[in-house]
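Predicted, not measured: the structure shown is a model, and the values here were computed from it. Convention: sequence-line order gives letters A, B, ...; per-chain numbering from 1. Computed over heavy atoms, backbone and side chain alike; hydrogens, waters and symmetry mates excluded.
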Amino acid sequence: MADAITSREQDYSQWYLDIIKFAKLADYSPVRGCMIIRPNGYALWENMQQALDKMFKETGHQNAYFPIFIPQSFLAKEADHVDGFAKECAVVTHSRLKVDPELGLIVDPDSKLEENLIVRPTSETIIWDTYSRWIQSWRDLPVLMNQWANVVRWEMRTRLFLRTMEFLWQEGHTAHSTEEEAVAETLTILDVYATFAEDFMAVPVIKGIKTASERFAGAVETYCIEAMMQDGKALQAGTSHFLGQNFAKAFDCKFQNKNNELEYVWATSWGVSTRLIGALIMVHSDDKGLVLPPKLAPTQVALVPIYRKDEERESVLEEAYAIKKELTDAGIRIIVDDRDGFRPGWKFNEYEVQGVPVRLALGPRDVANSTIEVARRDNGQKETVARADLADSILNTLEAIQNGLFERALKTREDMTASVDSYEDFKSVLDSKGGFVRMHWDGTGETENQIKAETKATIRCIPLEGYEEEGVDPVSGKPSKGRVYFARSY
RNA sequence: CGGGAUGUGGCGCAGCCCGGUAGCGCACUCGCCUGGGGGGCGAGGGGUCGCAGGUUCAAAUCCUGUCAUCCCGACCA
């Protein structure tokens, strides 16, 4: 079974799909482009939600829930927004089915809706319609709201977690009295995302600004975090948008300021999705299976008891449950795999494929010696630890794995980041190893498009740090204010 | 939506060219032996061959259509 995982070298895309399948993260659905998130995958999402939700609340946000259906007319109100999303909306036009004697079950033509409903591709419109009723005075601001929801975008080509027609995400929507405050909010969230990616997912990210062509439909400025996958392709891991007054104007959302004047509200929106699970897989996992960072792993430690005779079984399991209690009390998510009928070696492989960070093996010899075998998923190292030190030892190991995964990913990204000063070098780096390529850019859409057309690489972002450096765009020959990050991307 | 590939027990596949009524490995069930990195032996259960038409005495196999999935392109978190 395990040897059925395609190696990364052989076929990276297939490897990615194999990991999802063997680690039981998701399954295909009867509906094209949709996915079934299995318990292993959903538990991962729940842990992500929990960590992010805490950070949102710590930065003053509250959760709410808006409907999945949006009146079609709402979507038309913000011009750029329409352009961006009109092509990929699921539309509800009827409200019931009926059984036709000849045709069987059909849409009842008499149930046509007065106004079509759009299945939300994102919720700006319905939220700004609401905010326009909620907000009157500067005293009503800011509104700092988030929702956990599903959205639907009718995609042509889908991939599990990375791009599905329906996906789970959170979308924050905030309203502010000043531009400065809204921009600050956008950046606060960008930092939350970056912190989450690096501290919890152990995925290093570049914080930056999107170019006009990559900007969210309806935004004034889109900030993003960009991550590098093992195959040299970049992945946008999260976006935070400064929306200016675009939606406030479209939905007539004004507030009375302290000078008794009416002003349009300033807005932001921001989101991360189940796509992050795809990033997690592609950054850390190896040819043996999934590798999970301890902070997000649904199970951090799996204990496999080993025994032959009944009396051994009894003493080993007794010890195993004692260890479970001890580690659980220490705040560690541990399971004891006491299933009979699965042999130890089989279980070892099972937890390896599923990415459990630490595996313990406890046999009669260990019970006799008051020891236990500790194996790390990230580097395969095994050691025998004294039973008395176990909790501390595991806590240290989990931390070491968390840090080690980040360091390894960071090194990989650094190895996959190049700075070039000629278009020839740019192309040869892209074709040989991919990765991020830092190159001067003249700031025009023309050059950006030309590069995209010729190399398939896009500007992933204009980095917030380490950008400014006078230079020349090697493609156009025009002056450049700094190096931007190019990459081929998912 | 264009190009390519593939649909056969739960999973992975063979059979298809050369029609004759379905097989292998894994998984599953039961029993015994086993148990520190995917065990062994024995006995079992499970498939109208993606779907719909057509050709034929006879279709997994040939023909037409259709649907789905994967890969590659254009669009996107």
Rounding to an integer number of angstrom, what distance separates [N] and [M] when you compare their [atom1] atoms?
{"N": "B:G12", "M": "B:G4", "atom1": "C1'", "answer": "22 Å"}
{"N": "B:A22", "M": "B:U61", "atom1": "P", "answer": "14 Å"}
{"N": "B:G9", "M": "B:G44", "atom1": "P", "answer": "23 Å"}

* **Verdict with supporting geometry, A:R159 and A:S13, side chain to side chain donor-acceptor pair (under 3.5 Å)** => CA-CA 10 Å; A:R159 301 184 89 186; A:S13 295; 3.0 Å; yes
Of the candidate nucleotides [options], which contains the atom at the shortest distance from the side chain of [X]?
{"X": "A:D340", "options": "B:G35, B:U69, B:C71", "value": "B:G35"}
{"X": "A:T164", "options": "B:U69, B:C75, B:A77", "value": "B:A77"}
{"X": "A:R365", "options": "B:C75, B:G36, B:C70", "value": "B:G36"}
{"X": "A:R308", "options": "B:C71, B:G73, B:G35", "value": "B:G35"}
{"X": "A:S13", "options": "B:G35, B:A77, B:C72", "value": "B:C72"}
{"X": "A:R153", "options": "B:C70, B:G36, B:A77", "value": "B:A77"}
{"X": "A:K382", "options": "B:C70, B:G37, B:C75", "value": "B:G37"}
{"X": "A:F348", "options": "B:G36, B:G73, B:G37", "value": "B:G37"}
{"X": "A:S273", "options": "B:G73, B:C70, B:A77", "value": "B:A77"}
{"X": "A:R275", "options": "B:A77, B:G39, B:G73", "value": "B:A77"}

* To do: Hey, which sits more toward the 5' end of RNA chain B by its nearest nucleotide, A:G363 or A:R159?
  =>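 This one resolves to A:G363.
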* Earlier contact from the 5' end, RNA chain B, for A:C34 and A:A375 ->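 The residue mapped nearer the 5' terminus is A:A375.
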* Asked: What nucleic acid atoms does A:K347 come within less than 4.0 Å of, heavy atoms only: base, sugar-phosphate, or nothing?
  ->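 Since no nucleic acid heavy atom lies under 4.0 Å of A:K347, the category is nothing.
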Please tell me if [X] has a side-chain N or O lying less than 4.0 Å from either OP1 or OP2 of [N].
{"X": "A:R157", "N": "B:C72", "value": "yes"}
{"X": "A:Y307", "N": "B:U34", "value": "no"}
{"X": "A:R343", "N": "B:G39", "value": "yes"}

* Has A:R413 got its NZ or CZ under 6.0 Å from the middle of the six-membered ring of A:F436, at an angle within 45 degrees of the ring axis? -> no
* Quiz item: cation-pi between A:K77 and A:F74, 6.0 Å / 45° -> yes
* Asked: Are A:C89 and A:Q72 side-chain neighbours, meaning at least one heavy-atom pair lies under 4.5 Å?
  ->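 Contact flag for A:C89/A:Q72 side chains = no.
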* Asked: Does a sphere of radius 6.0 Å around CD in A:E46 hold more than 12 heavy atoms from other residues, nucleotides or ligands, not counting ones at 6.0 Å or beyond?
  -> yes
* Asked: Does A:H61 use its side chain to pair, donor to acceptor, with the backbone of A:F56 at less than 3.5 Å?
  ->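 Yes: the side chain of A:H61 pairs with the backbone of A:F56.
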* Give a yes or no on whether the backbone of A:V283 and the side-chain of A:Q230 come within a donor-acceptor separation of less than 3.5 Å. => yes
* Asked: For RNA chain B, which ranges pair as stems of 3 or more consecutive Watson-Crick or G-U pairs, with both donor-acceptor distances under 3.5 Å?
  -> B:1-7 with B:67-73, B:10-13 with B:23-26, B:28-33 with B:39-44, B:50-54 with B:62-66
* Asked: Side-chain donor or acceptor of A:E352 under 3.5 Å from a matching atom on the base of B:G37?
  -> yes
Using distance only, find each side-chain donor-acceptor pair of residues 450-457 of chain A under 3.5 Å and give its atom names and separation, not counting sequence neighbours.
| unit_1 | atom_1 | unit_2 | atom_2 | d |
| --- | --- | --- | --- | --- |
| A:Q450 | NE2 | A:E454 | OE2 | 3.3 |
| A:E454 | OE1 | A:Y423 | OH | 2.6 |
| A:T455 | OG1 | A:I451 | O | 2.6 |
| A:T455 | OG1 | A:A457 | N | 3.1 |

